[in-house]
Structure formats: C-alpha cells, structure tokens
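Here's the structure we're looking at; comments come further down.
Because the structure is a prediction, the values reported are computed rather than measured.
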Amino acid sequence: MEAVKSILRRSEIFSGLSESHLDLVASATKIREIAAGTYLFQQGDVRRACFVLAEGSVEITRDNGDGPEPLILLGPGDAAGEQAFLTATAHTASAQVHADAVLLELDRDLMLERLGQDGGAAIAILSKVANVLHRRLVYTGSSVVGREQAYASGSTRAESDLIGPMEVPSDALFGVQTLRAVQNFPITGTPVSHFPAMVRALALVKQAAARANARLGLLDPVIAKAIDAACREIIDGHWHGHFPTDMVQGGAGTSTNMNANEVIANRALELMGESRGDYAKCHPNDHVNLGQSTNDVYPTALRLSTIFMLKTLLEAMEKLKTALHAKGREFSDVIKMGRTQLQDAVPMTLGQEFEAYAITTGEDIERLRETARLFLEVNMGGTAIGTGICADPRYPKIVVEELRRNTGLEIVLAENLVEATPDTGAFVMFSGVVKRAAVKLSKMCNDLRLLSSGPRCGFGEINLPAMQPGSSIMPGKVNPVIPEVVNQVAFSVIGNDLTITLAAEAGQLQLNVMEPILAYSLATSLRMLTAAVNVLTTKCITGITANRERCRDLVEHSIGIVTAVMPAIGYKRATEVAKIALETGASVREIILEKGYLNIAQLDEALSLEAMTQPRPLRMMDADR
C-alpha cells in the first residue's frame, strides 16, 4: 500500500491529497508490469481506466488520418487516461508503452465506486482532473507553448538572452530564444512541429555535427553522447511538440535552428542528470551548435526534410498508379468516344483512357525522383557565408560522412560552399516538377468530373463513388467532391511554386534570407498533395464504375466513327456520310449500308472494337471507286 501511495504522490492528480484520500485511491489500484510495444489504450477505445507511471515511458500518439503522430513521451509520475474519471467516451489518442513500464492501473468503475463513498475525496480528485484537462485545452490551442505543454505543470524557469530575461515554461525543452521567436512571429499559426520531417531533419543534422565534433576532439565525450541520444529521441518521433516556432519567420531560419539547439541541449541535460536550463553544462550554442551556423544547418535540414516528405508523396502516387492500372484492365473492353476540343473524335476504350492516366502518373514519379537528387548536395561546414569561419577545416568532410551514415542517403559536400550557401536553385527546379505533377493530376480530375457529369444530362460515362449529399436545396444531387478538392490542392501548389520562385529570386549577396517562406510553401505543397493523392485513390479511383451501355450508345450514335471507315470509302464519301448523319440524325452505319459503300461484313470489320481502338493493317478504298 505504501509503495502505491508513494507513486500516487508523484502524480499531479493525486499529489497533496490527505492520507485517508490516498488510502481510498490506493484501494482501487493495482500495480502492473507492461512490456514495450503494448497499448494501454487505442484511439477510439472506450475510456475504462487511468494509468500512473512508476517506471518506464509511454508514448501518446494521435492519428488524424495520415498515420499516428507523436504528441508526447510520458515518464514516471505522469498520468494517462485520467479523463476516464469524468466520462466513458472514446479516447482521442493512443497510449503505447515505449520502454518497459511499471505502472498503476485505476479502473474507472472501481474508482468511481470508491469516490462515491467519500464526497470530499471525490471533489478533491475530480477537481484536479478538471484542472489538468482545462490547462490541456488552453495550452493545446496556444502557439506560445504548443501542444506538448498541455501535459506539463504550468510552472516557469528564468532564462535570458541578448534582449533580456524571460520566463520559460519549466517543463519546456525549448528556451528563451524559441519563446521570443514565438512572440515575434505569430504569422501562419503553423509551427515547425506541424512538419515532423523537418524536425527529424534538424535532429539528424545536429546528431551528425555532434559526432563529427566528437571525432575531432572538439566536444566532450559525455556531452556529445548526451546530445547524440537527445537527437536520437527526436529522430524517433519524440519531443516534437517542443518545436513551436512558426514556419514563416524573419532571420533566415535562425529561430528554427535555435529552437532545435535549445530542445536538444535541455534534453541532453536531462539525460546527463542535470536540470533544464543549466546551460553551463550543455549550451545550445557552444555545444549543440558547435561548428555550425543557421546558414548551413537550416538549408541542409530543408533539403533532407524535402527528401523525406517526397518519399511519402511517392508512396501515395505509386498507389494511385496501381489503382489506375487496375481500372485500365477492368475497363479494357468498354468502348467509348474519345474527344478533342470537347467534340467527338474517334472511338477508344475506357481502359485506354485510365491506362494513360496511370502512365502519366508514373512519369511524374520518375521526374520527382530524378529532380530530388539535387538535394543530396549540402553546404555543411560553410557556416555563416560559406567560408567555414568557426569550423575546423576537417569538419565539413567528417560531418557529411556522419550525415551520410545517419540518413542512408548519398549526401555529398558542395564543391564550393560560398556558392552553395545562398543557392536555392534546386528548390526552384524541384518545385516546378511538383507543380507539373499537380497540374497533370488536376487535369485528370477535370476529366473525371466531365466523364461523370449527369446523371441524366451529362456525359454519364462513369460513376464516381457517392461521398456526400451535394446540395442544401436540390434533393438527390451528388457532386464530384473528391476531384474538386484535388483541383483546389493543385491551385495551391501552383501558387506555392510562384512563392518559391520569388523567394529564390529575393536572395541577396551571400545569403537568401527568404528560405523560411520557401520551406513553408514547399512543405505545404508536398503535404497537401500527398493527402490529395491518397484521398483521390481511396475515395474515388478505386470505386469508379463504368456505364457500359451509355458508352457504347454514344459511340454508335456518334458521327466520329466515320473516321474508322474513311480508309475503305475515302475521305470525300466519309465527309458526305458525316454531313448526312448530322443533318438527319441517322446513324453512320445506316447511311453507309443505304449508300452501298460497304456491305454488312465489311462494315462490321471496320467498326469492330479492334479496328477502332488500335492500329491494324488498312483496308484501302478500291481504285475504281
């Protein structure tokens, strides 16, 4: 019992309770040992218990539709699932044991039964739970402290910089310069943590730098080891909530770099058994930023994060390509009219149309892969302007070796660091290819909207999955909402490409200070386009069906099929047939048979699916005709 009470006292919810109240809580508690990888609860599960950690760690994640995203890593004394005492609704996040844990499990029903026996205990405990949840809501919506501080205590510590002293949340891994940046740049409301790839990339760069400096004997091995471990945790997805700086900022990315320096320094201090903010033992600038400048760290991290985000986009595009190929096969025997300039052209199969979409998607995948190789060249070691001031002359080569080892990428050092430091040409070129992919995707969606138009008075050749009611006033209407949203994403990507172009052009002398807006625009394009491709694949393409009879009927009543018989009857007669068909409404088949230009067997051969939709030996008009 005393062991349980000792653990409970370390938790904010149960600290300060009287002995009698603690006894009551302890009576509803059981100690459990849980192996790493085990879920305490998953998003969507009904709240049934609260857990208080005694040893180990638990990771809280949330899946917003594009995979689980880490929120925080809980440690001894922290509680998870405390809202179970207030309501039995579904969990909005998942809790998974990260390192083997010893914890207390407080069953909801048993706990409420105990509290029902003691009104004072109920008020004391439920009030604390309510306060914790209230603070979580306030902090989660605050750009100043970020979502991770929603789980923190609310106390502060004093820090200072060139401008002066500030109070920083004591539980925050970031420091004074980060907090100052948050106050200075409330621009987009999108923190760096919104893009986990960027946070990971920063940690990879800092880890490589620490290892390089340790190899050179410039960084104390104990400090280097702690920095390395802190970076590893961030790379693995932890502490991202401590990166609250806005993506768009003045200073060429200095605020983002300092955010990383402060988070890594403070986490390294903890791993060394020291307190956050005790920078004499591990300093954000002197140790974490040793041999570096924002002007080589930030662009290198931006290059890496772009490669990481592209991987996710390419995976989504591969799935889209596969789905389009599948539809190409499924619709291979569906004859329909092809169109040019929105006028009837010649017949084709619906399968050919979807196969073309698959091929063009594959081409974009290859162009993106090719262009992304430009990002493998980095300017690490160039420091401020490429001259390498404040860096050991051996450092550039070694840090790139470490970065290559850390990432598994074929990273190379730029030939001329002075040239590479302000150069953003790779981003301009890559953004253009991203725009190309978005434009072609949007064109495909335009086609899908046309082909599915109707249902009675449009093309009506295909059916898109019905996703939602289409009108607040027109009953029964269903709109092509998925292609529409993809169109809008493409418009945004096109606009972001222009922003990137202007940002690149705005560079001056030895630095381009506009890289933050470039970073934000490119990351936003990649993230939105990835989401759009996934939505298009899963909520549209895979569910498309063909209106086979409608497609064939349009072909049979089209004047365009006269092109298929033109080699056999000649251009002049084919033109005559087309004119009569247009004027009278009679079918091309009827007119040709009536005129005696071809017999039934000849006409069937000329208008067969094979003859109209693929190359074949021509049956030319007889010379005497």
Side-chain angles (χ1 to χ4, degrees), residues 323-360 362 443-444 447-448 450-463 541 544-625:
L324 290 168
H325 276 308
K327 288 299 169 182
R329 293 189 296 271
E330 180 183 343
F331 301 147
S332 62
D333 61 343
V334 180
I335 187 73
K336 59 157 286 178
M337 279 306 296
R339 299 175 179 86
T340 58
Q341 294 161 284
L342 292 180
Q343 306 299 306
D344 295 356
V346 296
M348 65 185 302
T349 67
L350 188 60
Q352 288 174 319
E353 197 161 25
F354 275 82
E355 189 66 22
Y357 296 146
I359 296 300
T360 201
K443 186 270 178 189
M444 184 199 306
D447 290 354
L448 295 177
L450 277 174
L451 295 175
S452 64
S453 60
R456 298 287 177 84
C457 302
F459 284 18
E461 294 184 351
I462 63 173
N463 304 303
I541 301 300
I544 291 176
T545 57
N547 290 323
R548 293 171 177 266
E549 295 304 318
R550 168 67 172 170
C551 288
R552 177 168 288 278
D553 185 62
L554 288 174
V555 171
E556 291 177 349
H557 289 84
S558 169
I559 297 171
I561 62 173
V562 75
T563 304
V565 300
M566 189 266 293
I569 68 175
Y571 188 88
K572 182 177 181 180
R573 285 178 174 175
T575 301
E576 176 192 5
V577 170
K579 183 178 180 181
I580 294 172
L582 184 62
E583 291 174 348
T584 65
S587 72
V588 168
R589 173 182 284 274
E590 292 171 357
I591 297 168
I592 290 175
L593 290 175
E594 183 181 319
K595 294 282 187 180
Y597 293 153
L598 295 173
N599 59 40
I600 292 178
Q602 292 170 329
L603 191 56
D604 285 344
E605 180 185 2
L607 297 182
S608 69
L609 181 65
E610 294 78 12
M612 291 194 293
T613 61
Q614 61 188 20
R616 61 175 297 177
L618 294 177
R619 182 184 183 279
M620 302 303 294
M621 180 181 69
D622 294 338
D624 60 352
R625 297 177 73 184

Looking at [atom1] of [X] and [atom2] of [Y], how far apart are the two atoms once the value is rounded to the nearest 0.5 Å?
X: Thr584; Y: Glu590; atom1: OG1; atom2: CD; answer: 8.0 Å
X: Leu448; Y: Leu451; atom1: CG; atom2: CG; answer: 6.5 Å
X: Lys336; Y: Glu353; atom1: NZ; atom2: CD; answer: 3.5 Å
X: Arg550; Y: Phe459; atom1: CZ; atom2: CZ; answer: 9.0 Å
X: Ser558; Y: Asp553; atom1: OG; atom2: CG; answer: 11.0 Å
X: Asp344; Y: Leu554; atom1: CG; atom2: CG; answer: 8.0 Å

salt_bridge(Asp604, Arg589) N-O dist < 4.0 Å =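 Salt bridge between Asp604 and Arg589, a charged N being under 4.0 Å from a carboxylate O: yes.
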query = Does Glu576 come within less than 4.0 Å of Lys579, counting only side-chain N to carboxylate O?
reply =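 Answer for the salt bridge query: no.
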ask   = Between Thr360 (side chain) and Ala356 (backbone), is there a donor-acceptor pair under 3.5 Å?
value =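 Side chain of Thr360 to backbone of Ala356, a donor-acceptor pair under 3.5 Å: no, none is there.
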query = Should Val562 and Ile591 be marked as a side chain to side chain contact (heavy atoms under 4.5 Å, CB included) after you check the CA-CA gap, both sets of side-chain angles, and the distance that decides it?
reply = CA-CA 10 Å; Val562 75; Ile591 297 168; over 6 Å; no
Decide yes or no for [X] and [Y]: does some side-chain heavy atom of the first lie under 4.5 Å from some side-chain heavy atom of the second?
X: Ile561; Y: Met337; answer: yes
X: Ser332; Y: Thr349; answer: no
X: Leu450; Y: Leu342; answer: yes

inquiry  = Does His325 have more than 12 heavy atoms from other residues, nucleotides or ligands lying within 6.0 Å of its NE2?
reply    =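 More than 12 heavy atoms, drawn from other residues, nucleotides or ligands, come within 6.0 Å of this atom.
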task = Apply salt bridge (charged side-chain N to carboxylate O under 4.0 Å, His left out) to Glu549 and Arg552, showing your working.
result = CA-CA 5 Å; Glu549 295 304 318; Arg552 177 168 288 278; 5.9 Å; no
Between [X] and [Y], which heavy-atom pair has the shortest distance, and what is it?
X: Ala606; Y: Ala564; value: O-CB, 3.7 Å
X: Leu324; Y: Ala358; value: CB-CB, 3.7 Å
X: Ala581; Y: Ile559; value: CB-CG1, 4.0 Å

CA sep, side-chain torsions, deciding dist, call: Lys595, Ile569, side chain to side chain contact (heavy atoms under 4.5 Å, CB included) = CA-CA 11 Å; Lys595 294 282 187 180; Ile569 68 175; over 6 Å; no
Trace of the side chain to side chain contact (heavy atoms under 4.5 Å, CB included) decision for Leu607 with Glu556 = CA-CA 9 Å; Leu607 297 182; Glu556 291 177 349; over 6 Å; no
query = Mind checking what makes salt bridge (Lys or Arg N to Asp or Glu O under 4.0 Å) contact with Arg339, not counting sequence neighbours?
reply =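 Listed in chain order: Glu461.
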key: Ile462, Ile335, Ile544 screened by side-chain contact (heavy atoms from CB on, under 4.5 Å) with Leu350, the one that passes   =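 Exactly one pass, corresponding to Ile462.
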Non-neighbouring partners of Phe354 that pass ring-ring contact (aromatic ring centres under 6.0 Å, His included), sequence neighbours left out =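 Applying ring-ring contact (aromatic ring centres under 6.0 Å, His included) to Phe354 gives Phe331, Tyr357.
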